[in-house]
Amino acid sequence: MNGWLLAAAVLLVAGLAPVLWTMAVGEPRTRLVAQNLSTVLACPVFLLAAQGFGRPSYTDLALVLAMLGPAGTLVYARFLGVLPRSRVVLGTAWTVVPATVLPLCVVAGPGRAMAKLLVIGVLVVAGNTVTSAGTDRHG
Amino acid sequence: MSVLPYLAAGWIFLIGVYGLVTSRNLIHAVGCLTVTQSSTYVLLVAIGYRRGGTAPVFSDLPPGARVVDPVVQALALTDIVVGATVTALLLALVVQLRKRHGTVDPDKLAELRG
Amino acid sequence: MSRPVRLWVFLVGAVLVAALYAWACFDLPSFGGDHHPYGDRAVRTALAQHTANAVSSVNFDQRAFDTLGEQTILFAAVLGTVVLLRQVRGERRTDPTPAPVADRVRWFGVLMLPVALVVGFYVVAHGPLSPGGGFQGGIVLATALHLLYIAADYRALERIRPVGLYEVGDAVGEAAYVVTGLAAVLAGSAFLANVVPHGTFNTLSSGGTVAVLNIAVGMEVACGIIVLLARFLDQAVEIEETAEETGAR
Amino acid sequence: MAAGELLPLVVAVPLLGSAVLVAAGRRLTRIAADALGAAFAAGTVALCVFALIGVLEGPAVAWAGGWRPKDGLGVGIALVGDPLGVGLAALASVVTVAAFVYSWRYLEEPPPRHAGGFPALLLLFQAGMCGFTLTGDLFNAFVFFELMSVVAYALTGYRVEEPRPLQGALAFGIVNSLGGYCMLLGIALLYARTGELGMAQIGRALGTGEPDALVLAAFVLVMTGLLIKAAAVPFHFWLPDAHAVAPTPVCMVLSGVMVELGVYGAARVYWTVFAGPGGVSHSSCTRTLLVIGVATAVLGAAMCWQQRHLKRLLAFSTIGHVGLFLIGVAVLTPEGVSGTALYVLGHAGAKAALFACVGILLARYGSVDEYELYGRGRELRLVGVLFGVGALALAGVPPFGTGLGKAVAEEAAGQQAPWLPAVFVLVSAVTGGAVLRAGLRVFGGAGPRPPAEKADGEPETSGAEEEPETGDRLGRVPGTMLAVPVALLAGALAVGVLPGFAAAVGAAGDHFADHTGYLGTVLGSGSALSHVSASPHWTAAGVVLDLVSTALAIGCAALAVWRPGRTGHPGASGWWTPIRRMQSGHIGDYVAWALAGVALLAVLTVPGMLL
Amino acid sequence: MDEVLIAIAVVLVAAAATAAVFHRDPLRQSMVLSLLGLFLALLYTFVQAPDVALSQLAVGSAVTPLMILLTVRKVKRGPRSGSEDR
């Protein structure tokens, strides 16, 4: 019973399924927040899967998503004209991401793998801090 | 579980075609076409899966390991990128069609009849 | 046909196709089965060619002719979009006004651009080794360049992106792929044969022409998507119809 | 340079040409870009002819990348130089060169930086068609199928200033993309069952198993993609919309070759993959293709008679002829295949020439409407003659290749069912008659002037106020636009009269309709030709039937021109109107009919195979 | 455990595809499409296909939404230039 995959499954069911539900029924502003939240939650799932399957080369996926996720959110913000401030995304970014990256670093041990994990963690947190800070005046 | 991914691919294909048939906006129709397209990738990749196998990338794997089928992955990988550019071509047609017809509702396009 | 009739025609077709497809699914080997003869041959051949990523070996070595076709579809789609979205009579081009964007977002775009470019080149270069390759890396590079538009505005992007250069880059990527294939013929082997020595396993130069074709495809995909998005951005942001040209003539 | 090594070059040269044109396109003038494009296309024709000469004795196989199979099992892609395949590649290249020469002075001056756009797209189209005919791998065939489709969408919607081309191109794009995805699903099912992607390898692997629901579903899905490309009923709706609006040089290539490649693909996939013991039985496949073929032929001819827009009239006549080709293929005999091949060769020349003449009318008078052009074509004497000769060729007048092909295909179909030759005669007569009627009215000004406006207000696409594609109306018809139809009609004539040509096509038909022979050639266990049929030739019965259909065509045309009341001139409301209203131009309709078509294919193929 | 993850991902993909079809407004649909792309990437990772997942991530997260939204902007703007920002 691989604990990492179990954590990934929990993140999937508890995190991404509600995001899909809010995306389906919410109104524009909450849908943009839901889209932002989806990328924040997806990165840890990729990292957990990489560790769960025992394949460090899967972390490239999380690296690319860490970069393109916030970019995707900004694309929507540009066209909706507003970037809503959302504490949910900020809170998730600062809690879930470190909660997954740090144990993985401990397991990976010092070296190139840990450096990569830390870079991915920093990218996710920084990117989503920017997108969740929001712009108050109408874009 | 032995047939769930295949049936899911079939469901995605039919729901995509349903969207195409009942669409009232051509951009929505092109979006439904991408949904139909993704059903082919789900089927392709599901066919290549081998229980207990891992990805056939041997940079961090001993050569004798039990791996899944790389051929379907190669087919799906190129198709996803190419499908995006074909979608772009169809969206370009929609942009110009809006300019010339003034609408993107297929019901209001009345140029070619009979 | 009226909408209800169309729906009925669809439903009849859908029910029968669903029945046919479901019936066929139960004849398929069960999900996760062990019968993958072509896959096993492909993995053995990839290891023999010293290419660590078997998927890249299938894509750029064993079935390189397929990838030539796929890449040409991408080249044709980009060329088609360029031809379709050209500026016609009665349309004028206005220069884009700077968009009001929060400083944090603008800084994010400027700082993330180099990082994204590095990651994009990494994904292209490590095609034969780790997951990735020309196709994925090319898209990441194209998106990286457009961070300037996403985070800042179109004027910032246009300053550093001469579209003509990227159109030539797109064509050079396609031509490089074909020329590599023809070079193999001139070297006496078959079209698109892997004639270059395969190098040592799991190093950047391993896999012979796999690395060369990877870079050619990466260049073509990156330039192609940039040209594609450039045409869409021009239409959406700059090109407008002059007063007398109404939408529905 | 063995024929085998030439095969990949036939695809590589146009690709290189299009890359060079796009790279240099920004600085080239219009004339230089067209000349470069025509040069690359002509080079490919030369390569095709060399390969054809090398392949006449027997099919050649080239393994891309040198990946030859070891004891029957391999990882590479096979390019099979079958005489029929290479012949079709040569036909595609010749028609592309004709399109290049025709569009030399035809198309409007492109914007300064896009001089290389149109020629590069034409070269990519040629590469896609040549690749589709030469490949021996099912997924590779899907890739070239997609390449042909993508380039055709862009070329059909080329005139973005007009509202109609965009609607036609988008309908074309969505329906053909859906066909491509169906084909990919079918290929995935076959790969799951056999673990192979090459046509010969799948055919061999299916031979060991029993035909079951998976083989049926794979057959239906792959055939759907190919029949959508071939514009067979009920997948045909996109063709008239796309042809009515595409620039004329593109129409020549679309109607002349691309649609016929759909029929070629269907025949090739059946003969190599599903003709073995474990695949779809001959009776099931014949029943399916026969029903689809007859329906396509009859509907195409009837709708063709109703049209007043000249390009739509020619498009529906193409659908009618595709129905005849499907019948010729459906009988699954070497004679049927060689007869259909001759018919395709002759039809390509005649149909492309007719489109060229309509292009001249559009360029000169800015209209392609039969009523509005009434009597205005008198001054274009040569174009009128060419139009009449083309119409007679469509009707199958003896010395032409269409006549020979129709005669041989009729005789082969006659062995399957006695009433089939009647379908051949009637359909070719009605389509030939409709074109002749239009010719008489436009070029001869014969009979009473048809009513300008339609009586019952039924919405119908008339080609009245079309924008000429040459920017402004042409004063004098340039030489290149006249030379092309003459050359194409001469080609159609040569197919019928050239000694030895029919015999070579007959041999090609034997190689094509030979499942075990194909497997032997590709998989190395070469086996002799299993069945050598009598080479096709002019027979008395064939000539008589051809003359009957020509006479019928002339009769119909004369009746329509001089007695408009009786034969229900085009647009008259009657029992035929609901069928016409189905051609509604609405994308949702076309997709619904496409899915219903998949179900129809399944229902037609299932009896005798599984139930 | 792998099978459970695959099952969850397949259900999420099917649900996202259905949602994408039933959202008639293109802007809303493009958001659900980007979410569908994300779920597809997750499914491909659980089925041990990282290359395909990387391809889907790269295309689905920024390129396709950008194209759809640029088309929506051009369609909504109509012939006369609208007031929105560039």
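What you see is a predicted model; the values in this text were computed from it and never measured. Residue numbering restarts at 1 for every chain, and letters A, B, ... go by the order of the sequence lines.
Using a cut-off of 4.0 Å between Lys/Arg side-chain N and Asp/Glu carboxylate O, C/Arg63 and D/Asp137 are scored as salt-bridged.
Side-chain atoms of C/Arg41 do not come within 3.5 Å of backbone N or O of D/Leu73 as any donor-acceptor pair. Put simply, the side chain of D/Tyr158 never gets that close to the backbone of C/Leu84: no donor and acceptor are under 3.5 Å apart. Side-chain atoms of D/Trp67 come within 3.5 Å of backbone atoms of C/Asp61 as a donor-acceptor pair (strictly under, hydrogens ignored).
With rounding to the nearest 0.5 angstrom, the CG atom of C/Leu79 is 4.0 Å from the CG atom of D/Leu121. Here the SG-CG distance, from C/Cys25 to D/Leu214, works out to 8.5 Å after rounding to the nearest 0.5 Å. Rounded to the nearest 0.5 angstrom, C/Leu16 CG and D/Leu601 CG are separated by 11.5 Å. Between the CD atom in C/Glu174 and the CG atom in D/Leu124 there is a gap of 7.0 Å [rounded to 0.5 Å]. Rounding to the nearest 0.5 Å gives a distance of 4.5 Å between CG of D/Leu15 and OG1 of C/Thr72. Between the CG atom of D/Leu216 and the CH2 atom of C/Trp23 there is a distance of 7.0 Å, given to the nearest 0.5 Å.
Taking all atoms of both residues into account, the shortest heavy-atom contact from C/Gln62 to D/Val75 is OE1-CB, 3.7 Å. Shown here for D/Ala19 and C/Phe75, the closest heavy-atom pair between the two residues is CA-CZ, 4.0 Å. Between D/Gly195 and C/Tyr38, the shortest heavy-atom distance links the atoms O-CB, 3.2 Å. The two residues D/Ala217 and C/Ala24 have their closest heavy-atom pair at CB-CB, 3.5 Å.
For the set C/Val15, C/Val83, C/Asp66, the count of heavy-atom pairs under 4.5 angstrom toward chain D peaks at C/Asp66.
At a heavy-atom separation below 4.5 angstrom, chain D is approached by no residue within residues 219-230 of chain C.
Within the 4.5 angstrom heavy-atom criterion, only side-chain atoms of D/Leu79, from C-beta onward, approach chain C. Looking at D/Val215, there are no atoms closer than 4.5 Å to chain C (heavy atoms on both sides), in backbone or side chain. In this structure, the portion of C/Val178 lying under 4.5 Å from any heavy atom of chain D is its side chain and not its backbone. Interface remark: C/Leu11 contributes no atoms to any contact with chain D (heavy atom separation under 4.5 Å). When heavy atoms are compared at a cutoff of 4.5 Å, C/Ala175 approaches chain D by way of both its backbone and its side chain. With a 4.5 Å cut-off on non-hydrogen atoms, D/Ser18 touches chain C through its backbone and its side chain both. Contact of D/Tyr153 with chain C is not made at all, since no heavy-atom distance falls under 4.5 Å. Residue D/Val11 touches chain C through its side chain alone, counting heavy-atom pairs closer than 4.5 Å. Using a 4.5 Å cut-off between heavy atoms, D/Ala120 touches chain C through backbone and side chain atoms alike. Contact annotation for D/Val160: both backbone and side-chain heavy atoms come within less than 4.5 Å of a heavy atom of chain C. Within the 4.5 angstrom heavy-atom criterion, no atom of D/Val591 approaches chain C.
By the 4.5 Å heavy-atom criterion applied to side chains, C/Arg6 and D/His586 are counted as neighbours. Side chains of D/Leu16 and C/Leu182 form a contact here, defined as non-hydrogen atoms less than 4.5 Å apart.
Residues D/Phe139 and C/Phe65 place their aromatic rings such that the two centres sit no closer than 6.0 Å.
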